[in-house]
Student: 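Quick one: the structure is below, questions incoming.
In what follows, every chain begins at residue 1, and chains take the letters A, B, ... in the order their sequences are listed.
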Amino acid sequence: MQITVDGENVTLEPGGDGFELFPDKNIIAMFVNGEEVDLAYKFQENDQTSAITIDSDAGLRILRHSVAHIAAQAVQDLYEAKLGIGPPIEDGFYYDFMIDEPLTEQDLAKIQKRMKEIVKSSQRFTRRVVSEAEAREEMSAEPLKLELLDRRSESLDEGNVEVDAGELTIYDNIDRNGETKWKDLCRGPHVPNTRIADKGFALTRVSAAYWLGDQSRQSLQRVYGTAWPDAESLAEYKERLEEAARRDHRKLGQELDLFSFPSEIGSGLPVFHPKGGIIRQVMEDYSRKKHLEEGYEFVYTPHISKQNLFEISGHLQWYSEGMFPPMHIDSEYDQEGELKKQGQNYYLKPMNCPFHILIYKSRSRSYRELPLRMFEFGSVYRYEKSGVVHGLTRVRGMTQDDAHLFVTQEQLAEEIEKVLQFVLDLLRDYGLNDFYLELSSRDDGDKFVGDAKAWELATETLSKVASATGLELVADPGGAAFYGPKISVQAKDAIGRTWQMSTIQLDFNLPERFDLEYVGSDGEKHRPIVLHRALFGSIERFFGVLTEHYAGHFPPWLAPVQVACVPITENQHEYLLDFADTLKEQGIRVEVDLSDERMQKKIRNHTMSKIPFIVIAGDSDEAESAVSFRYRDGTQRNGIKLEQAVEEIMDAVASREQV
RNA sequence: GCCGGCAUGGCGCAACUGGUAGCGCAUCCGACUUGUAAUCGGAAGGUUAGGGGUUCAAGUCCCCUUGCCGGCUCCA
């Protein structure tokens, strides 16, 4: 029998399978004619195959999915639980269960212990093709699996071949004695044997999850886990989690005294302390400067508005759920309690656009004024549901670095290009360098405004401009809001996590609703196009992302305290105070530590508060008009002359570099 | 909004099955004056998120509210 292995012709005995062909233990499955299959697969004439190693992307998915099965077996060994689904996910897997009692952390430990036993018992994953009737029979005690079978037949009826139109398979877990210990309806493939999971897995958490992600369906218990080819990779993964935890902006915000969320104020409503305040101020000042240079004009608008504005804008129609409920004011009653004056509703604003648009509409506009760019640090309030607020990244009150650009059709492409370049430059100034773009286009449904033609044109324009940056462009079909397509900038942080930062959003809706126009060179009235864009997204969120990106080690230009001076003895107090004065005159944020702690303690304190420059001086330094630098990583440089020290600090701040 | 967990001085934590709150850091006072990540001694500080209940007795048990955490759903 002839088959092709990695493009090479190989001769195999009839009935030969993957175990024969790939004896290497690191190979856990294989591709056959493009499909992932078990090693137990018996080759057919002319099959094309290649190995799947355990550490490849496909291999890891298969491993994780297999460990999900082991978890499910363990759960069913220990509890009365019905099976949901158990797919691999990034870095791990989950399995959903219908179970009466919610699982706890203690349960997790028990389940993991049981999993270890299953792994050690060396069970084989064995594939078996079944008819639908057989599958229903064997899964008769598993209502959720039966529902999946129902759904499968429904979609087959509709000619939808997406969901496993192929044969149905059950995987049996068979132990050394040939006894079937467990089975699951599953497409596979799987690792050959539970032992392969050996030392590289761990359960990580439990939570609830809706069946099939549907809020109206029942809540299941979801067990999350992770799985890796070996113990080292698992340890590395755990270390990665710990690193992320160390960088958590909520923790750093507390430790570095940057911001807090007083419960007296309410959920999702942060206050910035002086140390966080100065960072914000520097960020905002820099942003203002850049916007001025880029031709933006600054506007200011209130935080609340009468209901009617949001009726015109459509927010109440489309997004009232995300808005704080209204406050009703100005009603007046006479002595009999009869309504004398109809009051009205005011809403906290969830977006700035209607306000900017009113500024546009305050007088007639000429094409000569376009593009008109209105910028504001606009405070908005959104009623985020109670379960979703999260540190600074998901809040109920925030400040957007928001701008609305009013442009003509002809100017659109160039303006988008400018904005995109502006965004990327600005993000780079903040130390983010690794980006990709996402283009969200129209949903196929009819939930959109404007005509399809205009959408198509605009999407094409966005796409062209995005491609021209040379950055990776990911399509997000159907991801657009109802009012227009958008480009979003995704940035990767220092430990490789991606964050959605800026968005550039076209709007076909508001110009219509507010009946915007400008007078063109032809003397006729035309409708401008509105571009929404926020570069940071929200200041709060960006602040959180930067904190995690830098792990609290803000570069000198952003650091709340840029220089801490530590005298070796009291004799240097004057000397360092003079030095600090010189820096202060240059606008440097500097402190001299005159406390009566020992200098080792002072160094420790300032290192822990992550101050970029610790400047130390003793007698010998003073004698030669010098100081010593100590950086956050513990490195030191001695004997730096005063003028040079000042210059270096100033340079580091001015260049916005990290030290 | 849903499921589960948590809530003790500024911060991090302790207090066995209910028996009238402890420790470290920080703070304040005093002593010490010291070349690169914690000097020593002393003092002050909480009625245990808020409210209600059970009990002779509640930080420990029950209920409600608020907030936080992990997910789900959502994120204009």
Student: Going by atom types only, do Glu622(A) and Ser625(A) share a side-chain donor-acceptor pair under 3.5 Å?
Tutor: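 Distance-only check fails for Glu622(A) and Ser625(A).
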Student: Reckon Asp621(A) touches a base, only the sugar-phosphate, or nothing at all at heavy-atom distances under 4.0 Å?
Tutor: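 If one applies the 4.0 Å heavy-atom cut-off, Asp621(A) turns out to touch a base.
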Student: Any base atoms under 4.0 Å from Asn605(A), or only sugar-phosphate, or nothing? Heavy atoms, all strands.
Tutor: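 Since no nucleic acid heavy atom lies under 4.0 Å of Asn605(A), the category is nothing.
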Student: Checking ring-ring contact (aromatic ring centres under 6.0 Å, His included) for the pair Phe613(A)/Phe629(A): CA distance, chi angles, key distance, verdict?
Tutor: CA-CA 6 Å; Phe613(A) 293 99; Phe629(A) 278 5; 5.4 Å; yes
Student: Please tell me whether Asp96(A) and Gln221(A) have a donor and an acceptor in their side chains that are separated by less than 3.5 angstrom.
Tutor: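 No, no side-chain donor-acceptor pair sits under 3.5 Å.
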Student: Starting at the 5' end of RNA chain B, which residue's closest nucleotide do you reach first, Asn638(A) or Tyr224(A)?
Tutor: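 Closer to the 5' end of RNA chain B: Asn638(A).
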Student: Scan side-chain atoms only and decide if Glu376(A) and Thr301(A) contain a donor-acceptor pair under the 3.5 Å cut-off.
Tutor: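 The criterion, which ignores hydrogens and geometry beyond distance, is satisfied for Thr301(A) and Glu376(A).
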Student: According to the Watson-Crick and G-U wobble definition with distances under 3.5 Å, which dot-bracket string, read 5' to 3', encodes RNA chain B, using [ ] for crossing pairs and | for pairs with another strand?
Tutor: (((((((..((((.....[..)))).(((((.......))))).....(((((..]....))))))))))))....
Student: Looking for any heavy atom pair under 4.0 Å, which part of the strands does Glu264(A) touch: base, sugar-phosphate only, or nothing?
Tutor: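 Touches nothing.
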Student: Check the surroundings of atom NZ in Lys306(A): do more than 12 heavy atoms from other residues, nucleotides or ligands lie under 6.0 Å from it?
Tutor: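 No, because the 6.0 Å sphere around NZ of Lys306(A) holds 12 heavy atoms or fewer from other groups.
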Student: Do Gln505(A) and Thr503(A) have side-chain N/O donor and acceptor atoms under 3.5 Å apart?
Tutor: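 Thr503(A) and Gln505(A) do not have a side-chain donor-acceptor pair below 3.5 Å.
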Student: Are Tyr79(A) and Asp107(A) linked by a side-chain donor-acceptor pair shorter than 3.5 Å?
Tutor: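 Indeed, the side chains of Tyr79(A) and Asp107(A) share at least one donor-acceptor pair under 3.5 Å.
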Student: When all nucleic acid strands are considered with a 4.0 Å heavy-atom cut-off, which category describes Gly213(A): base, sugar-phosphate, or nothing?
Tutor: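 Since only primed, P, OP1 and OP2 atoms lie under 4.0 Å of Gly213(A), the category is sugar-phosphate.
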Student: Which part of the nucleic acid, if any, lies within contact of Glu255(A), taking any heavy atom under 4.0 Å across all strands shown: a base, the sugar-phosphate backbone alone, or nothing?
Tutor: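 Counting heavy atoms under 4.0 Å across all strands, no contact is made by Glu255(A).
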Student: May I ask you to say what Ser267(A) touches in the nucleic acid, namely base, sugar-phosphate or nothing, with a heavy-atom cut-off under 4.0 Å?
Tutor: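 The answer is sugar-phosphate, as Ser267(A) gets under 4.0 Å only of primed atoms, P, OP1 or OP2.
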Student: Using the test side-chain contact (heavy atoms from CB on, under 4.5 Å), find all partners of Ser263(A) that sit at least two apart in sequence or belong to another chain.
Tutor: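 None.
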Student: Below 4.0 angstrom, which residues in residues 533-543 of chain A have at least one non-hydrogen atom near RNA chain B?
Tutor: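 Within this stretch, nothing sits under 4.0 Å of the strand.
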Student: Contact list please: residues 501-513 of chain A against RNA chain B, heavy atoms, distance less than 4.0 Å, in numerical order.
Tutor: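 None, since no heavy atom is under 4.0 Å.
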Student: Look at all strands and tell whether Arg630(A) reaches a base, only sugar-phosphate, or nothing, counting heavy atoms closer than 4.0 Å.
Tutor: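 Result for Arg630(A) = base.
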Student: So, using salt bridge (Lys or Arg N to Asp or Glu O under 4.0 Å) as the criterion, who are the partners of Glu101(A) when residues are at least two apart?
Tutor: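 Salt bridge (Lys or Arg N to Asp or Glu O under 4.0 Å) list for Glu101(A), sorted by chain: empty.
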Student: Counting only N and O atoms by type, is there a donor-acceptor contact under 3.5 Å from the side chain of Lys602(A) to the main-chain atoms of Asp593(A)?
Tutor: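 Side chain of Lys602(A) to backbone of Asp593(A): a pair is present.
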Student: What's Gln636(A) touching, base or sugar-phosphate or nothing? Going by heavy atoms closer than 4.0 Å.
Tutor: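 Base, at least one base atom sits under 4.0 Å.
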Student: Looking just at side-chain N and O atoms, do Gln76(A) and Glu142(A) make a donor-acceptor pair shorter than 3.5 Å?
Tutor: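 Yes, a side-chain donor-acceptor pair sits under 3.5 Å.
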Student: Using a heavy-atom cut-off of 4.0 Å across all strands, would you classify Arg205(A) as base, sugar-phosphate, or nothing?
Tutor: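 It contacts sugar-phosphate atoms only.
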Student: At under 4.0 Å between heavy atoms, what does Ala209(A) touch on the DNA or RNA strands: base, sugar-phosphate, or nothing?
Tutor: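 Sugar-phosphate, no base atom in range.
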Student: Strictly below 4.0 Å, N to O, side chains only: are Glu648(A) and Arg637(A) in salt-bridge contact?
Tutor: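 Salt bridge present between Glu648(A) and Arg637(A).
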Student: Could you check whether Lys361(A) makes a cation-pi contact with Phe514(A), meaning its NZ or CZ is under 6.0 Å from the centre of the six-membered ring and within 45° of the ring axis?
Tutor: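 Relative to the ring axis of Phe514(A), which defines the angle, Lys361(A) lies outside at least one limit.
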Student: Just checking Ser620(A): base, sugar-phosphate only, or nothing, at a heavy-atom cut-off of under 4.0 Å?
Tutor: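 Counting heavy atoms under 4.0 Å across all strands, the contact made by Ser620(A) includes a base.
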Student: Using atom C1' of each nucleotide, how far apart are C23(B) and G46(B) to the nearest Å?
Tutor: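 C23(B) and G46(B) have their C1' atoms separated by 14 Å.
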Student: Where each residue is assigned the nucleotide of RNA chain B containing its nearest heavy atom, which of Tyr383(A) and Asp596(A) is assigned the position nearer the 5′ end?
Tutor: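 It is Tyr383(A), whose closest nucleotide lies nearer the 5' terminus.
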Student: Please report whether the ring centroid of His532(A) lies less than 6.0 Å from that of Tyr483(A).
Tutor: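 Under 6.0 Å, so yes.
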Student: Heavy atoms only, 4.0 Å cut-off, all strands: where does Phe261(A) land among base, sugar-phosphate and nothing?
Tutor: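 The answer is nothing, as Phe261(A) stays clear of every strand by at least 4.0 Å.
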Student: With a 3.5 Å cut-off and no angle check, do the side chains of Glu147(A) and Trp211(A) form a donor-acceptor pair?
Tutor: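 Result is yes, a qualifying pair exists.
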Student: Within the 4.0 Å heavy-atom criterion, would you say Arg382(A) contacts the bases, only the backbone, or no part of the nucleic acid?
Tutor: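 Counting heavy atoms under 4.0 Å across all strands, the contact made by Arg382(A) includes a base.
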Student: What's Ser263(A) touching, base or sugar-phosphate or nothing? Going by heavy atoms closer than 4.0 Å.
Tutor: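 It contacts sugar-phosphate atoms only.
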Student: Under 4.0 Å from a heavy atom of chain A: give me the 5'-most and 3'-most nucleotides of RNA chain B that qualify.
Tutor: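 In short, chain A contacts RNA chain B from G1(B) to A76(B).
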